[in-house]
Amino acid sequence: MPRYDPHRIEPKWQQVWDDRGTFVTPNKPPPGTTGKLYVLDMFPYPSGAGLHVGHPEGYTATDIVCRYARMKGKHVLHPMGWDAFGLPAEQHAIKTGTHPRVTTDQNIETFKRQLKMLGFSYDWSREFSTTDESYYRWTQWIFLQLYDTWYDPEYEWTGPDGQRRRGKGRPIAELPLPPSLSQAGTPDATTTVAIRRYQDAHRLAYQTEAPVNWCPALGTVLANEEVLADGTSEIGGHPVERRPLRQWMLRITAYAERLLAELDDLDWPESIKLLQRNWIGKSIGAEVDFLVDGASNPGDSVSKPGDSVAGTHPDFHAWKAHRGKSGFPPTPEPNVLRVYTTRPDTLFGATYMVVAPEHPLVDRIATPAQRAAVDEYRRKTALKSDLDRTDLAREKTGVFTGAYAFNPVNGERIPIWIADYVLISYGTGAIMAVPAHDERDLAFAQTFHLPVIDVVQNPAGDNIGFTGEGTAIHSGSYNGLPTAEFKRRITADLAAAGLGREAVNYRLRDWLFSRQRYWGEPFPLWHELDAEGNLTGLVRTVPESELPVTLPEMEDFKPKGTPEPPLSWAPEEWLYATAPDGTRLKRETNSMPQWAGSCWYYLRFCDPHNCERFVDPAVEKYWMPVDLYIGGAEHAVLHLLYSRFWHKVLFDRGYVSTPEPFRRLVNQGMILGETEFRVFKDASTGRYLSPEEAERTPEGQVISERVAETDVVKQGEGFVLKADPSVRVEARAYKMSKSRGNVINPDDIVREYGADALRLYEMFMGPLEQVKPWSMSGVEGVYRFLARVWRMFVDERAETVTLDAAVQDVPPTVAQQRLLHKTIKAVTEDIEKLSFNTAISRMMEFTNAFTGYNPRPRACLEPFVLLLAPFAPHIAEELWELLGHDESLTYASWPAWDEQMLIETEIEIPVQVNGKLRGKVRVPAEADAARMQAIAEAEPSIQAHLAGKQVIKVVAVPGRMVNFVVR
RNA sequence: GGCCGAGUGGCGGAAUAGGCAGACGCACGGGACUUAAAAUCCUGUGGAGGGUUACCUCCGUGCGGGUUCGAGUCCCGCCUCGGCCACCA
């Protein structure tokens with residue numbers, strides 16, 4: 001009895017594809033192909049848990065596109081690999097004592113087996129892991145390129161894509177030196193060091209001693225992107241504190257403008273572009289300088305608080321006059337406080353100033369009377385973790401420094417405070433506070449009873465607390481100007497007076513690129529040591545010929561609770577060396593973050609076995625950019641921003657041919673667990689609770705019980721028990737999680753229904769990009785469909801697998817032809833739109849119709865098998881073979897549809913009276929408006945509705961509908 | 001709090017470009033086959049009301065308005081849910 005048996009068919013074809021190398025892709029386009037298509041999945045981190053059902057969602061989508069494209073004659077690159085460095089493997093290793101390399105290899109094996117089981121058409125000959133020495137050798141090499149590059153924002157050039165650009169990453173050797181360093185002849189030793197330090201300060205990869213996000217539980221520092229808003233780590237949710245440490249940073253901020261501007265032309269979801277735009281956070285405003293009163297001589301202000309000095313103070317006048325001549329300096333004088341504002345139009349409303357507690361000016365300006373309070377506040381802030389800072393429920397805190405500054409527009413003398421709501425890392429680390437038109441300033445002013453002056457007229461409502469645009473008031477000669485105009489005018493006026501200038505700021509910070517981990521790429525760097533064995537701050541790169549710097553074999557890589565990286569207790573011979581010039585060297589013992597490997601893997605897939613280069617230029621030019629990239633939205637600002645940054649540096653340095661790596665991006669939606677129906681009871685009384693009551697009742701007091709879907713019935717907005725309609729039932733789908741016990745394992749699905757059914761179901765669930773709950777009976781539904789397809793071809797009563805007698809070489813009927821061509825057209829267009837759920841429903845309709853025919857013309861069934869192939873490749877290959885083909889259908893031609901076949905001679909159209917459907921009539925397809933109206937009027941049921949009424953208008957859209965407007 | 005997205009049967013979801021709301025699948029009901037079950041096949045299924053049978057009427061795409069001959073689709077104002085970011089001056 002040859003029933004549909006995926007467990008016989010699927011391994012058979014997977015073996016065939018493997019043996020014949022069906023999906024091995026040469027870098028040269030084979031004859032007959034029409035252009036390349038690079039389709040990429042976000043390669044997985046091979047965790048110990050194995051594949052979950054979220055992986056095959058995106059992977060099936062790309063696989064369908066690839067299989068379709070091959071049949072359309074495209075030369076398709078579809079690779080897979082492993083993003084295998086990272087914390088989980090290392091933590092597992094620490095727990096179990098197994099080397100991370102061992103667990104990583106095991107996990108990769110599991111993942112690979114699972115992916116192969118699903119029949120994806122990857123070119124496995126291109127497989128690699130980011131942990132392979134032959135791969136991370138080039139990750140290190142790219143780091144060296146970053147290290148060798150500085151960003152010249154003024155440089156104008158034409159890229160390999162022919163576009164004129166401004167701003168370029170250039171070799172550090174081309175960095176112009178300041179006059180003091182660019183002396184003629186061979187520089188002396190001191191100058192050489194000075195030059196090196198000058199260059200180091202401009203490189204895209206640089207060291208800094210800065211407060212970083214230190215996570216004691218994970219034993220590492222984290223990038224800003226890896227710390228959640230509540231101050232805990234993205235991985236594990238551990239507390240994170242601020243701590244100064246020497247770290248490697250990547251100057252991604254240099255590329256902020258290009259990362260922002262070049263988003264525009266990408267075929268990415270607008271939501272993801274917006275996320276990146278917000279993350280980069282460009283704002284345009286002005287820098288404005290405020291002279292500090294008496295700052296040159298703290299505690300001895302030339303004027304006293306409360307003095308009426310507006311516009312008359314001698315120091316202020318002298319300074320202003322000086323600025324009028326000398327202009328706005330790149331860095332302000334020591335007694336000047338520079339602020340950044342996006343609302344220079346509110347300058348007249350500035351009633352106080354706030355500097356970040358870490359601001360260097362604080363020491364100069366704090367008065368003796370306020371000194372103790374200021375120091376105490378600074379000490380407390382420094383100790384505060386981000387968690388504490390945000391957990392304070394936004395209660396504003398701060399301390400008066402005792403100092404005052406003059407508002408440059410009106411000479412008004414205003415107090416300077418310190419407060420932690422001003423961040424040292426943004427803008428100038430200081431603000432002018434305009435409480436009337438800024439929420440945060442208002443909250444602060446109210447807490448500390450500072451004056452509030454409104455300077456913007458709200459066109460609709462109160463001025464105080466109004467942060468929108470309006471008309472200027474209380475602003476001297478600027479009164480009456482609309483906000484936008486005011487901004488332009490005052491920015492220009494300040495610039496002319498040497499008191500301010502237009503300024504752009506970005507929320508984006510430089511990327512903290514070092515981690516205190518064992519299981520990551522070592523930096524290809526040596527530190528120079530001085531005679532005492534201390535770091536000098538100068539580094540040397542490992543020569544390209546000596547790459548890779550491999551991880552040393554170590555037994556113990558457990559963090560010691562200090563920021564000392566595990567590599568710092570690596571074997572001596574790994575750790576130390578002496579340079580040919582006699583300098584003692586110590587390795588950089590930090591390692592790279594997990595993002596490093598995923599920043600460029602798509603380039604390596606083009607040319608994975610190249611030992612000479614990270615990618616061959618001609619091969620890169622052929623395959624890049626990635627035409628379609630599918631993965632989860634969780635990488636919207638991390639991986640996708642970092643890769644774009646690296647790619648642009650490589651582009652600037654001439655190593656890649658495109659400015660952007662990923663032309664089209666699609667995010668798959670998360671798959672939730674099955675919808676759960678629950679009733680709640682009070683633990684002590686046993687009384688039923690409504691879902692809302694259960695929500696309010698404390699944890700241990702509620703018993704929740706799952707009930708079957710069939711025991712539940714809809715009532716009003718919600719659900720109730722069938723047996724007892726007074727009991728309300730909660731219906732909800734949750735994220736899959738081990739603790740909830742609702743995880744679906746792909747292995748189980750394949751074991752029961754086969755890979756084709758799993759693939760088909762995941763595509764049939766709904767739109768790719770949407771969040772959707774799993775449904776076990778939905779899987780059975782598509783399995784039944786596949787079995788129906790099977791029986792459309794195969795005689796199940798025969799002894800062996802043979803074609804059903806109904807499958808015959810007979811000419812199809814007109815109706816059969818039409819359905820076939822409609823199906824071809826719909827499926828083709830749906831694949832192009834990635835609308836796989838509707839493509840599948842079209843194939844179901846075809847099957848429903850054709851199983852009812854006898855005979856079933858082979859001329860219709862053969863193309864159908866090809867349509868099905870991208871979705872359910874195993875059963876399609878099996879049926880293709882059964883139909884007498886020796887070759888795999890992988891490279892068979894995709895069926896074409898004939899528009900002539902779709903034309904109907906007669907169509908049914910709706911007839912409306914006053915917009916309400918009152919009947920349907922059949923009309924010739926080519927009937928014009930008048931003819932359609934005539935046929936509709938002749939229809940008895942329509943006549944009944946028109947009887948006794950006056951027709952005042954008739955709308956007839958040919959091929960669509962007729963509507964009578966009557967009175 | 002800000003931004004983005006989404007609300008359509010019991011459920012997942014369809015519906016070019018404003019033109020027959022609910023394709024396809026699930027679940028459920030009825031029937032056939034069977035000793036029986038499974039499997040399969042046929043068939044019904046948005047709600048309410050009416051009718052003698054193949055039928056008719058009204059209501060219906062989160063809520064309230066608007067534009068239009070005609071609105072799930074466009075506009076205005078709300079509500080709810082989901083996601084992301086949250087002191088960025």
Side-chain angles (χ1 to χ4, degrees), chain A residues 3 228-230 269-272 274-275 277-279 281-283 285 339-343 346 354 389-390 392 394 396 419-423 425-434 437-441 443-444 467 505-509 633-634 636-637 669-670 675 709-710 712-715 717 719 731 733 761 764-767 769-782 784-785 787-788 791 796 829 835 837-845 848 851-852 908-917 919-920 941 952-957 959-966:
Chain A
R3 303 258 291 257
L228 303 177
D230 65 355
E270 274 310 313
S271 59
I272 299 292
L274 196 72
L275 239 46
R277 286 193 189 109
N278 290 344
W279 193 265
K282 181 179 184 173
S283 78
V339 303
Y340 171 73
T341 176
T342 54
R343 292 297 298 270
T346 60
V354 186
R389 280 207 191 188
T390 49
L392 285 171
R394 293 159 166 263
K396 293 276 184 291
D420 65 0
Y421 83 94
V422 171
L423 311 173
S425 50
Y426 185 79
T428 60
I431 62 159
M432 62 172 203
V434 185
H437 306 296
D438 182 286
E439 265 178 63
R440 297 151 301 179
D441 295 346
F444 191 85
T467 57
N505 262 298
Y506 299 92
R507 212 186 72 110
L508 184 71
R509 305 292 148 80
E634 67 273 19
V637 281
M670 205 191 332
T675 303
E709 190 181 348
T710 44
V712 163
V713 67
K714 181 112 180 182
Q715 191 184 78
E717 290 293 288
F719 293 87
Y761 173 64
F764 188 59
M765 292 173 84
E769 302 185 61
Q770 203 162 296
V771 178
K772 43 211 174 274
W774 189 267
S775 155
M776 222 52 218
S777 43
V779 184
E780 281 186 56
V782 292
R784 277 202 286 267
F785 162 66
R788 261 165 87 81
R791 287 192 303 272
E796 289 204 322
E829 291 176 349
S835 177
N837 55 333
T838 50
I840 294 166
S841 69
R842 294 309 198 119
M843 291 189 283
M844 286 172 166
E845 286 179 271
N848 289 345
T851 44
E908 192 183 58
I909 58 156
V911 181
Q912 301 173 348
V913 176
N914 280 350
K916 284 191 177 177
L917 179 70
K920 295 170 189 178
S941 65
I952 50 176
K953 189 175 175 183
V954 181
V955 182
V957 183
R960 285 280 185 203
M961 45 70 71
V962 179
N963 186 14
F964 295 93
V965 186
V966 301

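We name chains A, B, ... by the order of the sequence lines, and we start the count at 1 in each one.
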So if I take every side-chain heavy atom of [X] and compare against [options], which nucleotide ends up nearest?
| X | options | value |
| --- | --- | --- |
| A/L274 | B/rC20, B/rC4, B/rA15 | B/rC4 |
| A/R791 | B/rU40, B/rA86, B/rG13 | B/rU40 |
| A/K772 | B/rG13, B/rC24, B/rA86 | B/rG13 |
| A/F719 | B/rC11, B/rG12, B/rG25 | B/rC11 |
| A/S271 | B/rC20, B/rC24, B/rC4 | B/rC4 |
| A/V965 | B/rA86, B/rC69, B/rA15 | B/rC69 |
| A/S841 | B/rC87, B/rC24, B/rG13 | B/rC24 |
| A/R507 | B/rC11, B/rG19, B/rC85 | B/rC85 |
| A/F764 | B/rA86, B/rC24, B/rA39 | B/rC24 |

Exercise: do [X] and [Y] side chains pair donor with acceptor under 3.5 Å:
| X | Y | value |
| --- | --- | --- |
| A/R507 | A/N278 | no |
| A/T838 | A/S835 | yes |
| A/R791 | A/T851 | no |
| A/Y506 | A/S283 | no |

Take the protein atom [atom1] of [X] and the nucleotide atom [atom2] of [N], then report the distance between them rounded to whole Å.
| X | N | atom1 | atom2 | result |
| --- | --- | --- | --- | --- |
| A/L917 | B/rA21 | CG | P | 5 Å |
| A/D438 | B/rG2 | CG | P | 15 Å |
| A/F785 | B/rC26 | CZ | P | 11 Å |
| A/L423 | B/rC85 | CG | P | 17 Å |
| A/W279 | B/rC85 | CH2 | C1' | 8 Å |
| A/R842 | B/rG13 | CZ | C1' | 15 Å |
| A/F444 | B/rA89 | CZ | P | 18 Å |
| A/M843 | B/rC24 | CE | C1' | 11 Å |

Go ahead and name the base partner of [N]; Watson-Crick or wobble counts if both distances stay under 3.5 Å, otherwise write none.
| N | value |
| --- | --- |
| B/rU67 | none |
| B/rU73 | none |
| B/rG2 | B/rC84 |
| B/rA21 | none |
| B/rA38 | none |
| B/rU57 | B/rA48 |
| B/rC78 | B/rG62 |

Nearest-Å distance once atom [atom1] is located in both [N] and [M]:
| N | M | atom1 | value |
| --- | --- | --- | --- |
| B/rG29 | B/rU35 | C1' | 25 Å |
| B/rC33 | B/rA27 | C1' | 23 Å |
| B/rC4 | B/rG30 | C1' | 48 Å |
| B/rG10 | B/rU45 | C1' | 11 Å |
| B/rU8 | B/rG72 | C1' | 7 Å |
| B/rC76 | B/rA17 | C1' | 23 Å |
| B/rG46 | B/rG9 | P | 13 Å |
| B/rG12 | B/rC84 | C1' | 25 Å |

With a 4.0 Å cut-off on heavy atoms, is [X] in touch with a base, just the backbone sugar-phosphate, or nothing at all?
| X | answer |
| --- | --- |
| A/I431 | base |
| A/T851 | nothing |
| A/K920 | base |
| A/Q912 | base |
| A/M765 | sugar-phosphate |
| A/N963 | base |
| A/F964 | nothing |
| A/R788 | sugar-phosphate |
| A/V771 | sugar-phosphate |
| A/G427 | nothing |
| A/E270 | nothing |

Syn or anti for B/rG9, given that syn means the glycosidic angle lies within 90° of 0? syn
For [X] and [N], is the shortest distance between a side-chain N/O and OP1 or OP2 below 4.0 Å?
| X | N | answer |
| --- | --- | --- |
| A/R960 | B/rG70 | no |
| A/N837 | B/rA14 | yes |
| A/K916 | B/rA71 | no |
| A/N848 | B/rG25 | yes |
| A/R784 | B/rA39 | no |

Give a yes or no on whether the backbone of [Y] and the side-chain of [X] come within a donor-acceptor separation of less than 3.5 Å.
| X | Y | value |
| --- | --- | --- |
| A/R343 | A/T467 | yes |
| A/N914 | A/V966 | yes |
| A/N963 | A/V955 | no |

Spatial distance of atom CD (A/E908) from atom CE (A/M961) [nearest 0.5 Å]: 14.5 Å
Is any NZ, NE, NH1 or NH2 atom of the basic residue among A/E829 and A/R842 found under 4.0 Å from an Asp or Glu carboxylate oxygen of the other?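 Salt bridge flag = no for A/R842 with A/E829.
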Once hydrogens and angles are ignored, does a donor-acceptor distance under 3.5 Å link the base of B/rC69 to the side chain of A/K953?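 Donor-acceptor pair under 3.5 Å: no.
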Look at the aromatic rings of A/W774 and A/Y761 and report parallel, tilted or perpendicular, splitting at 30° and 60°.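 The arrangement is perpendicular - the two ring planes meet at more than 60°.
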Quick one: on RNA chain B, does A/Q770 or A/Y426 contact a more 5' nucleotide (nearest heavy atom)? A/Q770
Contacts of A/E829 and A/M432 projected onto RNA chain B by closest heavy atom; the upstream (5') one is A/E829
